[in-house]
Visitor: 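Before I ask anything, let me first share the structure, which is written out below as structure tokens.
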Protein chains: 2
Amino acid sequence: MKTPSLPLLDRPEGMTTHDYAFARLRQAIMVGSFRPGTSVTIRGLAEALESSPTPVREALRQLTSIGALQFLENRRIVVPRITPARFEELISLRIALESHAARRAVAHLTERQIERISAIDDSIEDEILRGDQVAALIANQAFHRTIYTANPDQIVMPLIESVWLQLGPILGIAMEHVSELYVVDRHREAIDALRRRDEDAVADAIAADIREGIGGFDQQAVARLLKLAA
Amino acid sequence: MKTPSLPLLDRPEGMTTHDYAFARLRQAIMVGSFRPGTSVTIRGLAEALESSPTPVREALRQLTSIGALQFLENRRIVVPRITPARFEELISLRIALESHAARRAVAHLTERQIERISAIDDSIEDEILRGDQVAALIANQAFHRTIYTANPDQIVMPLIESVWLQLGPILGIAMEHVSELYVVDRHREAIDALRRRDEDAVADAIAADIREGIGGFDQQAVARLLKLAA
DNA sequence: AATCTCATTTTGTGATCACATTTTCGTAAA
DNA sequence: TTTACGAAAATGTGATCACAAAATGAGATT
């Protein structure tokens with residue numbers, strides 16, 4: 001049972017072993033380090049994380065609660081497989097969740113926050129030019145997250161991240177086989193709409209960004225990617 | 001540390017201790033058995049469930065992943081407190097999620113399934129007449145769940161249940177202080193729209209059902225309820 | 001070459017224990 | 001009466017172990 005390699009992650013002092021295991025596994029899955037169908041073992045990950053089974057098992061259980069992993073009937077632990085239909089569900093759910101979240105964030109965003117969001121958008125461009133796909137992906141997530149979390153009472157972010165986690169594995173495949181993942185983006189359009197406090201325009205820009213970005217893969221493209229990875 | 005009492009729940013043979021603990025705690029929170037701010041302990045629940053700390057801890061960790069519980073900095077485990085603003089966020093999120101889910105289920109529903117949904121709606125009325133609020137609540141959830149899960153590739157149900165879980169505690173308070181929780185409902189309207197395969201009408205009926213049901217509490221009503229429970 | 005059998009190994013599960021931190025509560029001082 | 005203090009109890013954390021079930025792989029059979 002080969003354990004997938006885990007990208008390193010900073011461990012703040014005082015963080016429990018369990019929290020660290022959770023954060024690191026979560027990050028790994030979200031940026032596409034695990035392939036769909038990959039199976040992991042508690043002991044294997046415990047060794048990779050230099051800890052014991054107990055905290056790792058807790059982290060794995062949490063990850064199953066948010067759809068990032070699956071405990072099968074045979075008690076095997078696997079990264080869920082994607083089908084074209086499931087992919088389409090995830091994209092339409094992303095659109096529904098994120099346009100809702102964006103809409104409800106508009107009223108809370110300050111000028112300063114909008115500037116920060118604009119700066120994050122610039123950093124996405126930088127990472128793309130440098131060819132660092134994972135860094136670009138993380139920056140892109142930060143772009144979206146910073147908008148949505150401007151709403152202080154927001155509840156939706158964990159749900160959005162659950163969807164991101166479920167898209168992670170196919171995203172990892174896409175990054176291996178597609179050179180340009182961000183050819184088009186609607187970020188400037190969203191930022192302009194934020195400045196105008198135009199809720200509808202913000203929601204539309206976010207929806208279009210998703211639809212034309214990762215959502216741009218049609219069912220055949222997804223099927224092709226899955227075939228390549230098999 | 002007094003441990004809240006847990007409604008009994010059937011334990012299918014072969015179910016692991018952990019799964020049983022998770023299912024039972026989840027059910028208890030979803031039907032309002034726990035008050036906001038209640039704190040629980042691992043050992044206390046382990047005793048109540050006649051098991052040991054390990055599987056209970058895993059169940060609690062999962063429940064935090066879906067917003068049903070919270071591990072505080074002090075390492076205390078509590079049922080999250082509700083604020084009027086948070087309540088309003090939860091309702092608007094419910095509407096966004098469930099009208100999306102309903103819309104995407106319409107095409108998959110068979111006549112037979114629609115009949116079953118209609119029968120569930122009747123059973124809600126029965127439970128209300130019998131005065132069993134918890135049974136009515138569970139039947140109401142079944143009504144919604146049966147619609148949304150007709151879509152076989154559906155991803156959204158776990159997210160919807162996460163929101164239900166977060167509303168559970170305030171619902172428990174409401175059931176104690178409000179005699180009629182389901183005076184109006186739009187279920188017949190939704191069922192008729194399902195029969196006509198009218199996606200927009202289904203989504204509207206579900207949204208109205210939520211808005212006029214639990215969503216009908218305004219901020220003052222929520223604040224009053226919270227005060228009563230404190 | 002493919003399939004079956006069975007012993008070995010691997011793996012998830014759940015109980016237990018030691019440890020450090022936090023909470024609780026009785027007592028004393030202000 | 002209120003506040004401060006310190007010992008005792010309670011609690012979360014993480015490692016370890018025994019156990020049962022599942023997976024693996026070598027060797028025999030067809």
Side-chain angles (χ1 to χ4, degrees), chain A residues 1-6 9 11-26 29 34-35 37-81, chain B residues 1-4 6 9 11-26 29 34 37-81:
Chain A
M1 185 52 49
K2 191 183 58 186
T3 296
S5 73
L6 297 170
L9 192 66
R11 176 168 185 174
E13 185 181 2
M15 186 181 225
T16 63
T17 304
H18 153 266
D19 275 327
Y20 178 63
F22 177 72
R24 200 153 155 205
L25 288 168
R26 185 185 123 101
I29 296 171
F34 288 18
R35 292 291 163 274
T38 305
S39 70
V40 297
T41 65
I42 295 172
R43 286 174 172 89
L45 289 171
E47 191 177 355
L49 292 166
E50 295 176 306
S51 70
S52 71
T54 309
V56 171
R57 203 160 76 208
E58 289 170 29
L60 295 180
R61 290 262 191 244
Q62 277 189 270
L63 289 165
T64 65
S65 271
I66 52 184
L69 290 177
Q70 228 178 334
F71 275 64
L72 301 182
E73 279 304 321
N74 4 342
R75 298 185 165 175
R76 272 228 142 140
I77 306 158
V78 299
V79 179
R81 293 192 182 280
Chain B
M1 185 53 49
K2 191 184 57 186
T3 296
L6 296 170
L9 192 66
R11 176 169 185 174
E13 186 182 359
M15 186 181 225
T16 64
T17 304
H18 153 266
D19 275 327
Y20 179 62
F22 177 72
R24 199 152 156 204
L25 288 168
R26 184 185 124 101
I29 296 171
F34 289 18
T38 305
S39 70
V40 297
T41 65
I42 295 173
R43 285 173 172 88
L45 290 172
E47 193 177 355
L49 292 166
E50 296 177 305
S51 70
S52 71
T54 310
V56 170
R57 204 160 76 208
E58 288 168 29
L60 294 180
R61 284 255 138 81
Q62 276 189 270
L63 288 165
T64 64
S65 272
I66 52 184
L69 290 176
Q70 228 177 333
F71 275 64
L72 302 181
E73 279 304 322
N74 5 344
R75 297 185 164 177
R76 270 233 145 139
I77 306 160
V78 299
V79 178
R81 293 194 182 279

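Letters go in sequence order (proteins before strands), and every chain restarts at 1. Bear in mind the structure is a predicted one, so any value in this text is a computation, not a measurement.
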Visitor: Taking the nucleotide of DNA chain C with the nearest heavy atom to each, does A/I42 or A/T54 sit closer to the 5' end?
Guide: A/I42
Visitor: If you check the A/T16 side chain, which of D/dG14, C/dG14, D/dA15 turns out closest?
Guide: D/dG14
Visitor: What is the distance, rounded to the nearest whole Å, between atom CD of B/E73 and atom C1' of D/dG12?
Guide: 13 Å
Visitor: Give a yes/no on whether any side-chain N or O of A/R61 is located under 4.0 angstrom from OP1 or OP2 of C/dT13.
Guide: yes
Visitor: Between B/V56 and B/S51, is there a side-chain heavy-atom distance shorter than 4.5 Å?
Guide: yes
Visitor: Within the structure shown, what part of the strands sits under 4.0 Å from B/R43 by heavy-atom distance: base, sugar-phosphate, or nothing?
Guide: base
Visitor: Once you round it to whole Å, what is the distance between P of C/dT11 and CG of A/L45?
Guide: 11 Å
Visitor: When the distance from CD of A/E58 to P of C/dG12 is rounded to whole Å, what number comes out?
Guide: 15 Å
Visitor: When you measure only distances, ignoring hydrogens and angles, does the side chain of A/R57 come within 3.5 Å of the base of C/dG14 through a donor and an acceptor?
Guide: yes
Visitor: Whole angstroms only, please: what is the CD1-P distance between B/I77 and C/dT23?
Guide: 13 Å
Visitor: Whole angstroms only, please: what is the CD-P distance between B/E47 and D/dG12?
Guide: 13 Å
Visitor: Is the closest side-chain heavy-atom distance between A/V79 and A/I29 below 4.5 Å?
Guide: no
Visitor: Just compare D/dG12, D/dA23, C/dT24 and give me whichever is closest to any side-chain atom of B/R76.
Guide: C/dT24
Visitor: Counting only side-chain nitrogens and oxygens, does B/N74 get under 4.0 Å of the OP1 or OP2 atom of C/dT21?
Guide: no
Visitor: Round to a whole Å and report the spacing from CG of B/D19 to C1' of C/dG12.
Guide: 12 Å
Visitor: May I have the distance from B/E50 (atom CD) to C/dA15 (atom C1'), rounded to whole angstrom?
Guide: 15 Å
Visitor: Around A/Q70, counting heavy atoms of other residues, nucleotides and ligands shown, do more than 12 lie under 6.0 Å from its CD?
Guide: yes
Visitor: B/P55 side chain: which of D/dG14, C/dT11, C/dG14 is closest?
Guide: C/dG14
Visitor: Using the closest heavy atom to pick a nucleotide of DNA chain D for each, name whichever of A/R75 or B/R75 lands nearer the 5' end.
Guide: B/R75
Visitor: Would you say A/T17 places a side-chain N or O within less than 4.0 Å of OP1 or OP2 belonging to D/dG14?
Guide: yes
Visitor: Which pair of non-hydrogen atoms, one from A/L60 and one from A/F71, has the smallest distance, and what is that distance?
Guide: O-CE1, 4.0 Å
Visitor: For residues B/R61 and A/E58, determine if any side-chain heavy atom of one lies less than 4.5 Å from a side-chain heavy atom of the other.
Guide: yes
Visitor: Could you state the CG-C1' distance from A/L72 to C/dG12, rounded to the nearest angstrom?
Guide: 12 Å
